[in-house]
Asks: 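My structure is below; once you've seen it, I'll send some questions.
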Amino acid sequence: MEDGPQLATYRDLLIRYMTHESELVIEESELLSDFLQEHGVSPADLVTMHLEVMKQTRTLDRATLRSMEFLINMMAGYGREYWEHQELKHKQKQLDKEIDVAAEVQKALIEGKVPHCDFADIGAISEPAKKMSGDYYRIVNDGKRLAVTIADIVGKGIPAAMCMSMIKYAMDSIPENKQGAPSSILANLNRVVARNADSSMFVTMFYGVYDPVTHVFSNSSAGHEPGFYYSAQQDCFFDLEARGMSLGLASGSRYKEYARVIEPGDMIFLLTDGVTEIRKDRDFIEREHIIKLIRRSMHLPAARIVRRVLYELKRMQHFELTDDFTFIAMKF
């Protein structure tokens with residue numbers, strides 16, 4: 001082996017270690033080890049380097065010398081696996097970069113915006129468990145009514161994110177002034193998902209519309225997690241029940257529509273199952289626990305309510321989400 005700078009550095013550290021072991025030498029050897037790995041020096045190359053230094057110092061007897069030569073031959077096979085491992089690491093880094101780009105594109109495509117409303121205070125927050133999200137929400141105020149959508153792909157990762165993008169474009173294709181009744185919207189979307197999504201994938205969705213003139217909130221659900229309705233007059237929370245089959249399971253599914261009159265001070269909270277499936281002491285938290293968290297913050301503006309609830313739920317899981325998290329608050 002050529003007596004280059006790597007070999008010279010290795011020889012210097014080895015001799016210093018053999019003559020006088022010190023923490024400084026050990027620290028320097030760790031730095032050299034990192035350097036050699038970054039520059040593609042394999043384990044077999046490292047053993048060869050060690051053997052060259054030992055030959056130069058003339059501290060090896062014939063038996064030890066032969067044993068180290070045997071070790072180098074044995075490590076040839078390990079070397080092949082080492083380079084294969086390095087190639088896999090390189091490919092993984094490339095894949096991670098591509099996923100990062102895809103995640104940024106997805107975020108720009110489906111990131112929901114909260115419109116200004118004179119008749120409602122609205123807050124929304126959505127945070128993926130991984131780089132790409134299977135949750136989606138959309139809030140539209142066309143000046144005559146407020147339409148709110150929240151959905152969750154049953155699945156995670158890139159396939160769920162791609163399916164959610166399809167849902168986003170299907171929703172965007174509906175003109176704001178022709179949104180229609182919640183039940184018909186879900187029926188139309190169901191046909192889109194049934195035709196285009198993989199048979200193993202389906203979508204849960206809640207779609208609601210509020211009319212500020214009649215003060216009626218009408219909604220339909222496709223197997224989605226029930227939200228919460230707070231009655232100011234009764235000072236009580238109720239499940240925002242709405243039943244229906246998830247999108248994509250059957251192309252001819254029909255959806256029932258529900259309606260209620262919203263009084264001043266009432267509130268509506270919509271969520272995905274990433275909220276209700278938060279774990280505490282190894283068990284899922286009860287819906288009553290989420291209501292308690294909301295009650296502690298319901299005097300705040302809607303945007304602060306959703307951030308506060310997210311913080312408290314993440315704190316229970318040591319700030320590591322196990323599922324995508326989306327939460328919407330509407331104060332009337």
Side-chain angles (χ1 to χ4, degrees), residues 107 110-129 133 135-141 145-152 204-210 212 215-219 221 224-242 260-280 284-332:
K107 182 179 179 181
I110 70 172
E111 188 170 27
K113 296 181 179 179
V114 178
H116 171 74
C117 286
D118 295 329
F119 51 83
D121 176 24
I122 305 171
I125 194 166
S126 186
E127 187 167 323
S133 177
D135 280 5
Y136 167 72
Y137 75 89
R138 181 175 186 264
I139 305 171
V140 176
N141 176 20
R145 63 180 196 167
L146 178 70
V148 57
T149 308
I150 186 169
D152 183 7
T204 71
M205 178 180 284
F206 179 99
Y207 184 80
V209 174
Y210 175 70
H215 306 293
V216 172
F217 182 80
S218 55
N219 63 270
S221 176
H224 196 75
E225 184 77 22
F228 299 105
Y229 165 70
Y230 171 75
S231 169
Q233 185 177 5
Q234 297 176 261
D235 187 26
C236 187
F237 281 83
F238 302 92
D239 283 349
L240 199 59
E241 286 286 357
R260 68 178 66 233
V261 176
I262 304 297
E263 302 292 346
D266 289 357
M267 305 180 197
I268 289 176
F269 301 92
L270 305 177
L271 58 157
T272 56
D273 60 12
V275 180
T276 55
E277 292 183 0
I278 295 289
R279 289 184 178 272
K280 182 181 181 182
F284 292 126
I285 62 172
E286 300 292 335
R287 288 173 65 84
E288 288 74 14
H289 191 98
I290 300 173
I291 290 175
K292 288 180 181 178
L293 294 179
I294 295 174
R295 273 197 178 276
R296 293 176 193 168
S297 307
M298 57 193 294
H299 61 286
L300 299 172
R304 291 187 61 188
I305 294 175
V306 295
R307 289 198 299 268
R308 179 75 67 83
V309 171
L310 170 62
Y311 174 82
E312 292 297 333
L313 292 176
K314 286 179 68 175
R315 189 164 62 88
M316 292 181 190
Q317 296 196 138
H318 308 290
F319 297 94
E320 291 186 4
L321 292 176
T322 57
D323 196 1
D324 302 326
F325 181 108
T326 302
F327 190 50
I328 299 173
M330 296 182 288
K331 302 178 71 174
F332 296 93

Asks: How long is the span from the CZ atom in Arg260 to the OG atom in Ser218, to the nearest 0.5 Å?
Replies: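 Arg260 atom CZ to Ser218 atom OG measures 11.5 Å (nearest 0.5 Å).
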Asks: To check you understand the geometry: which heavy-atom pair defines the closest contact between Pro115 and Lys113, and what is its length?
Replies: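 Closest pair (atom of Pro115, atom of Lys113, distance): CD-O, 3.5 Å.
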Asks: Out of Thr149, Asn219, Val148, which residue meets the side chain to side chain contact (heavy atoms under 4.5 Å, CB included) rule with Tyr207?
Replies: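 Going through the options one by one, the only one that passes is Thr149.
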Asks: Does the side chain of Leu240 come within less than 4.5 Å of Phe269's, by heavy atoms?
Replies: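 Heavy-atom side-chain distance check fails, nothing below 4.5 Å.
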Asks: Return the minimal non-hydrogen interatomic distance between Gly227 and Leu271, and the atom names on each side.
Replies: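 So the two residues come closest at CA-CD2, 3.7 Å.
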Asks: In this structure, is the centre-to-centre distance between the rings of Phe217 and Phe332 below 6.0 Å?
Replies: no
Asks: Contact between Ile290 and Phe237 at the side-chain level, heavy atoms closer than 4.5 Å - yes or no?
Replies: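 Of all side-chain heavy-atom pairs linking Phe237 with Ile290, none is under 4.5 Å.
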Asks: Can you tell me if Ser297 uses its side chain to pair, donor with acceptor, with the backbone of Leu300 under 3.5 Å?
Replies: no
Asks: If I take atom CG from residue Leu313 and atom CZ from residue Phe325, how far apart are they, to the nearest 0.5 angstrom?
Replies: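 Atom-to-atom, Leu313:CG and Phe325:CZ are 5.0 Å apart.
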Asks: Is the closest side-chain heavy-atom distance between Phe327 and Ile294 below 4.5 Å?
Replies: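 Touching, per the 4.5 Å side-chain cut-off.
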Asks: Find the distance between OH (Tyr210) and NE2 (His215) and round it off to the nearest 0.5 Å.
Replies: 5.0 Å
Asks: Can you confirm whether Asp235 sits close enough to Arg295 that some side-chain heavy atom of one is under 4.5 Å from a side-chain heavy atom of the other?
Replies: yes
Asks: Does the side chain of Ile139 reach to within under 4.5 Å of the side chain of Met330, using non-hydrogen atoms?
Replies: no
Asks: Where do Ile122 and Cys117 come nearest, in terms of heavy atoms and distance?
Replies: CD1-SG, 3.8 Å
Asks: I'd like to know if Arg287 pairs up with Glu225 as an ion pair, taking the criterion as any Lys NZ or Arg NE/NH1/NH2 lying under 4.0 Å from an Asp or Glu carboxylate oxygen.
Replies: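 Yes, this pair counts.
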Asks: Indicate whether the side chain of Thr272 and that of Asp135 have a donor and an acceptor atom separated by less than 3.5 Å.
Replies: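 Yes, side-chain donor-acceptor contact under 3.5 Å.
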Asks: Do Phe119 and Leu146 have side chains that get closer than 4.5 Å, going by heavy atoms?
Replies: yes
Asks: Say whether Tyr136 and Asp152, considering side chains only, have a donor N or O and an acceptor N or O under 3.5 Å apart.
Replies: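 The answer is no; no qualifying pair exists.
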Asks: At what distance, to the nearest 0.5 angstrom, does CD1 of Ile150 lie from OG of Ser126?
Replies: 7.5 Å
Asks: To the nearest 0.5 angstrom, please state how far the NE2 atom of His289 sits from the CD atom of Glu312.
Replies: 8.0 Å
Asks: For residues Asp266 and Val261, report the shortest heavy-atom separation together with the two atoms involved.
Replies: OD2-O, 4.3 Å
Asks: Would you compute the distance between atom NE2 of His224 and atom CZ of Phe206 and round it to the nearest 0.5 angstrom?
Replies: 8.5 Å
Asks: For Ala302, is there any backbone N or O sitting under 3.5 Å from a side-chain donor or acceptor partner on Asp121?
Replies: yes
Asks: State whether the side chain of Lys331 and the backbone N or O of Met298 hold a donor-acceptor pair below 3.5 Å, judged by distance alone.
Replies: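 Yes, the answer is positive, given that a donor and an acceptor are paired below the 3.5 Å cut-off.
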Asks: Closest heavy-atom contact between Ala124 and Tyr137?
Replies: CB-CE1, 3.6 Å
Asks: Grab the two heavy atoms, one from Ala242 and one from Ser221, that are nearest each other, plus how far apart they are.
Replies: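 Taking every non-hydrogen atom into account, O-CB, 3.1 Å.
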